[in-house]
Amino acid sequence: MLSIQNLDFSYNSAQQKAIDSISFDVNKGEVISIIGESGSGKSTLLRLIYGLEDFTQGEISWNDVKLKGPAFNILPGHKMMKHVAQDYELLDFVTVGENVGKFLSNFDLDHKQKQIDEALRVVEMLDLKDQFPNKLSGGQRQRVSIARALAQKPEVLLLDEPFSNLDQSLKLTIREKLIDWCKANQITVIFTTHDLQDAFYTSDRILVLQKGRKLQYDEVEKVREKPYNSYVAKLFGYVNLLDVGKYNKLKLSDIDMFNYYQLVYPDEVWIHVDGDYYGEVIDSKFQGRDYLIRFKHDESNFVAYFPFILNKGAKIKFSIPNNRIVKA
Ligand code: ADP
Ligand code: MG
C-alpha cells in the first residue's frame, strides 16, 4: 500500500504551498486519477511521490517503508516506481525499441526483445519499433515514453497527463489497453488528468485537488453522487446549481441557503407533460445520443438531456426529482 500522510510542500518558502496537508492511501493494484484545474498541484504531487522533490512535512510510505526525497537519495526516483513526465525524455539518436529497452537488462536479449514488444503493443506502437523518435508526432513520443515505463514492470506507475496528446479514438483504445495491462500485472497506477472521462472510465478512485488541497478522495460513483462542493460538481461538465428551497422541499437555515446549492445533473431534469414547472426552450444541441436542451424558468437557466430536438421558444414542463445539495 502507498500511504501519504499530511504532506506539505512549497517550491520556495515565500510562495503559498503547492501541496497543502494532503493524506490518502492507495492499495496495491488500484488505479487512481488525480484531477483538478491547472496549477492545483497534480504534477507536483506525482513528483513528490516519485521522490523528485523534498517535502517539507509529512510522510510517504510504500508497504510500510518510509520514502525519502532527493536530499536523501543518490539517484532521485524510487526504484519500484516509474514516473512518466509531460516532457518525454526520449533519446532521438536511438530507435523507439532501444528507447523502450533503455533500462532493461541485457542478460537475456531474447527476453529483453519480448519485454519491449509487449510494452509497445500496449500503446499500439510496435509498428514503429525501428523508427527514430524525432520522426514521431507528440502523441507517438508520449506513447513511447509510457511503453518504456511499462517495459520495466514497476510496482507503481505514475503518469502525468498520459492521454493529453492523443486524439479521441486512439485515446479510448490506448486508455483501455493500458489500464487492462496494469490491472493484469497488478501494477498500482496514479495518473493526472483534467478530463473527467479519463478519470471515470479508468479509475477505482478519484483524488480531486484545488490549490494544493485535497477536496475529495472517493470512488467514482461517490464523487458524482456526493461531490464535496460545486467546484467538484462542475468537473463533471454541465450541471444545474439551483437555489436551495426553490425546486425542492428542503428547508435549510437562512445561512445555509446561501452556502449550499441544489445540484441537478442534466440527465436528472425530467421534461414531461405532467412536469411541476413551466420552461421555455433557449436552444437544443445534439450531443451524440441526446440533445442538450437549454431552457429558462423564471430567472434561472437550466440544462437537460432529452432524446428529441426542441425548438427555440417551445414551452415545456419539467420536474426536478432529486434533493441533492452541495456546498457552494
Ligand atoms: P498542475 O499539474 O495541477 O497544473 P503543478 O503541480 O504543476 O499543477 O503546480 C502547482 C503549483 O506550483 C502552481 O502554482 C505552479 O505555478 C507552481 N509550480 C509548479 N512548478 C514550479 C516550479 N518548478 N517552481 C515554482 N513553482 C512551481
Ligand atoms: Mg501538471
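As the structure is a computational prediction, the values presented were derived from the model and not from experiment. One-based numbering, in listed order, for ligands and for the atoms of each. Only heavy atoms go into these numbers, but all of them, side chains included; no hydrogens, no water, no symmetry mates.
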Same apolar cluster (I L V M F W Y, side chains within < 4.5 Å links), Phe163/Ile35: no
Winner among Leu45, Thr44, Ile19 once heavy atoms are compared against atom 5 (P) of ligand 1: Thr44
Aromatic ring pairing His272/Trp270, orientation class (parallel under 30°, perpendicular over 60°, tilted between): parallel
Atom 24 (N) of ligand 1 touched by protein (heavy atom, under 4.0 Å): yes
Heavy-atom protein neighbour under 4.0 angstrom from atom 19 (C) of ligand 1: yes
Arg224 atom CZ: more than 12 heavy-atom contacts under 6.0 Å: yes
Within 6.0 Å of OH in Tyr228, more than 12 heavy atoms from elsewhere: no
Among all protein non-hydrogen atoms, which one is nearest to [atom], and what is the separation to 0.1 Å?
atom                    : answer
atom 16 (O) of ligand 1 : Gln15 NE2, 4.7 Å
atom 4 (O) of ligand 1  : Gly39 N, 2.7 Å
atom 7 (O) of ligand 1  : Ser43 CB, 3.9 Å
atom 12 (O) of ligand 1 : Tyr11 CE1, 3.4 Å

4.0 Å heavy-atom contact, Gly41 with ligand 1: yes
Metal site the Mg ion (ligand 2): N/O/S of Thr44 inside 2.8 Å: no
Polar proximity ligand 1 side, Ala18 side, N/O cut 3.5 Å exclusive: no
Asp160-Ser43 side chain donor-acceptor pair, cut-off 3.5 Å: yes
Ring pair (Phe, Tyr, Trp, His ring centres under 6.0 Å) partner of Phe302, the single match among Tyr277, Tyr238, Phe318, Tyr265: Phe318
Test item: Asn99 side-chain N/O and Leu91 main-chain N/O as donor-acceptor pair under 3.5 Å: yes
